[in-house]
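Only this structure's heavy atoms are used, side chains among them; waters, hydrogens and symmetry mates stay out.
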Amino acid sequence: MSATVDVQSGLEGVVAFATEIAEPDRAGGALRYRGVDIEELVGTVPFEQVWGLLVDGTLEPGLPPAEPFSLVVRSGDPRVDVQSALAMLAPQWGFRQLIDIDDAEARDNLARASVMALSFVAQSARGIGRPPVSQRQIDTARSIPERFLIRWRGEADPRHVKAIDAYWNSAAEHGMNASTFTARVVASTGADVAAALSAAVGALSGPLHGGAPSRVLQMLDDVAASGDAERYVKQALDSGQRLMGFGHRVYRAEDPRARVLRRTAKEIGAPRVEVAEALEQAALAELRARRPDRVLATNVEFWSAVVLDFADIPPQLFTPMFTCARTAGWSAHILEQKREGRLIRPTAKYVGPPPRPLADLR
């Protein structure tokens with residue numbers, strides 16, 4: 001056991017990169033994209049320009065519309081469809097490896113692939129057997145989120161567009177999480193951008209990264225059915241259940257993304273706001289009483305669930321919606337890693353058996 005004391009489990013606290021992209025303010029409960037607070041961005045700047053801010057450092061030209069291109073992978077799982085379809089873009093579109101191209105070509109490839117990820121999610125969500133929406137109809141949209149909804153549903157409720165735009169902007173980037181680290185590792189090998197993006201999507205396969213909002217909805221349903229948020233919280237904690245949507249490995253204050261999504265939920269008139277606020281207040285009070293030594297504030301998953309549910313996003317699409325948002329941060333990090341030009345190769349400390357002969361195993 002003593003041999004592993006200096007190894008940081010989960011790499012927590014280990015600084016792996018210097019980045020100019022995003023700054024989660026651990027103590028202050030703020031999140032800034034290249035210096036701009038997301039509270040100024042959400043509801044003011046459309047997602048396509050936030051993509052540009054993260055990747056280019058400027059709002060223009062931002063993310064262009066997706067090219068007409070049909071999804072050929074139909075597994076029934078949108079996450080699998082998107083991951084597979086992204087990986088196929090390199091041979092289909094002739095993407096070259098990052099090590100062989102300049103920054104301008106890499107940026108162009110990232111923009112084309114990123115927006116295709118959104119298109120692939122919409123096409124996969126539309127399902128098998130339904131005819132695709134005409135390109136002429138899609139082209140009537142005035143924003144990338146509106147195009148997404150029309151491609152998926154054939155129409156776009158403006159309130160749903162606002163909800164999705166707010167969610168995508170709040171989830172566009174958040175530093176060195178599992179998927180972003182994966183994207184940078186793959187980019188550091190000199191692979192093409194579609195491979196790096198596809199690998200990042202693969203990192204969302206497990207429930208610990210990107211999928212938690214779907215578990216919040218069940219809590220909200222249970223509280224609405226019981227009519228007593230305080231009793232629900234006490235019973236859940238007494239039975240050892242985890243309250244989803246509270247606490248974060250980065251922030252020691254309220255998650256700023258929760259703050260902007262709470263504001264958005266109220267602006268769009270989400271019907272779950274009342275029960276969500278009752279559960280939030282009861283949970284925070286009980287968590288403070290039981291764990292006064294820990295800061296367990298509301299995190300992004302809690303209010304993401306409310307906003308996505310309002311936009312009629314089914315729980316099985318919550319993780320693909322996170323994929324859509326995070327293409328911005330992934331693209332920015334892939335380009336930043338390309339410029340760094342160094343293979344990521346951490347060291348592992350061996351703590352296994354000492355040298356021994358093969359005969360010991362017989």
Side-chain angles (χ1 to χ4, degrees), residues 16-22 34 47-58 60-73 79-124 135 144 147 172-173 176-205 320 323-346:
F17 307 99
T19 182
E20 299 180 356
I21 299 167
R34 295 195 184 272
F47 174 72
E48 51 265 36
Q49 292 187 338
V50 169
W51 188 97
L53 172 63
L54 287 167
V55 175
D56 303 321
T58 59
E60 299 291 347
L63 187 65
E67 302 167 37
F69 194 77
S70 296
L71 176 68
V72 296
V73 182
R79 197 272 308 166
V80 174
D81 293 352
V82 174
Q83 184 180 2
S84 304
L86 279 173
M88 295 166 62
L89 285 181
Q92 289 171 327
W93 284 359
F95 286 170
R96 295 191 294 161
Q97 295 183 323
L98 281 166
I99 199 170
D100 296 323
I101 61 178
D102 60 18
D103 288 359
E105 185 173 346
R107 191 269 181 208
D108 178 68
N109 290 350
L110 284 165
R112 295 176 69 197
S114 290
V115 78
M116 279 313 305
L118 277 59
S119 174
F120 290 150
V121 169
Q123 292 183 60
S124 181
Q135 191 62 41
I144 295 295
R147 292 176 70 90
E173 162 60 3
M176 205 47 54
N177 45 68
S179 58
T180 301
F181 186 75
T182 300
R184 288 195 74 134
V185 169
V186 175
S188 80
T189 70
D192 65 83
V193 303
L197 289 171
S198 177
V201 176
L204 299 179
S205 302
T323 294
C324 293
R326 195 50 63 88
T327 56
W330 292 339
S331 295
H333 279 277
I334 289 167
L335 194 56
E336 190 173 70
Q337 185 61 44
K338 179 192 184 307
R339 290 165 177 158
E340 185 167 311
R342 186 171 178 81
L343 178 67
I344 296 172
R345 178 63 168 83

Q: Quick one: pull up NZ in Lys338 and CD in Gln97 and give me the separation to the nearest 0.5 Å.
A: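 CD of Gln97 is found 12.0 Å from NZ of Lys338.
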Side chains of [X] and [Y]: does their closest heavy-atom pair fall under 4.5 Å?
| X | Y | answer |
| --- | --- | --- |
| Leu53 | Gln49 | no |
| Pro65 | Val115 | no |
| Met176 | Thr19 | no |
| Pro320 | Val82 | no |
| Arg326 | Thr180 | yes |
| Phe69 | Arg112 | no |
| Arg184 | Ile334 | no |
| Trp330 | Val193 | no |

Considering all heavy atoms, the nearest [X]-[Y] contact:
| X | Y | answer |
| --- | --- | --- |
| Met116 | Ala66 | SD-CB, 3.9 Å |
| Ala194 | Ala90 | CB-N, 4.2 Å |
| Arg34 | Val55 | NH2-O, 3.8 Å |

**Q.** CA sep, side-chain torsions, deciding dist, call: Arg96, Asp192, side chain to side chain contact (heavy atoms under 4.5 Å, CB included)
**A.** CA-CA 6 Å; Arg96 295 191 294 161; Asp192 65 83; over 6 Å; no
Q. Between Phe17 and Ile344, is a side chain to side chain contact (heavy atoms under 4.5 Å, CB included) present by the stated rule, with each step listed?
A. CA-CA 10 Å; Phe17 307 99; Ile344 296 172; 3.5 Å; yes
Donor-acceptor contact present, side-chain [X] to main-chain [Y], <3.5 Å:
| X | Y | value |
| --- | --- | --- |
| Ser70 | Val72 | no |
| Ser198 | Ala195 | no |
| Gln337 | Arg342 | yes |
| Ser205 | Gly202 | yes |
| Ser331 | Thr327 | yes |

Q) Does the pair Leu89 and Phe120 meet the rule for a side chain to side chain contact (heavy atoms under 4.5 Å, CB included), with working shown? A) CA-CA 12 Å; Leu89 285 181; Phe120 290 150; 4.2 Å; yes
**Q.** Evaluation steps, side chain to side chain contact (heavy atoms under 4.5 Å, CB included), between Val73 and Met88
**A.** CA-CA 10 Å; Val73 182; Met88 295 166 62; 3.8 Å; yes
Q) What pairs with Ala172 under side chain to side chain contact (heavy atoms under 4.5 Å, CB included), at least two apart in sequence or on another chain? A)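 Ala172: side chain to side chain contact (heavy atoms under 4.5 Å, CB included) contacts with Tyr33, Phe47, Val50, Leu54, Ala328.
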Q. Side chain to side chain contact (heavy atoms under 4.5 Å, CB included) with Pro61: which residues, sequence neighbours excluded?
A.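 In terms of side chain to side chain contact (heavy atoms under 4.5 Å, CB included), with neighbours along the sequence ignored, Pro61 is linked to Asp56, Arg107.
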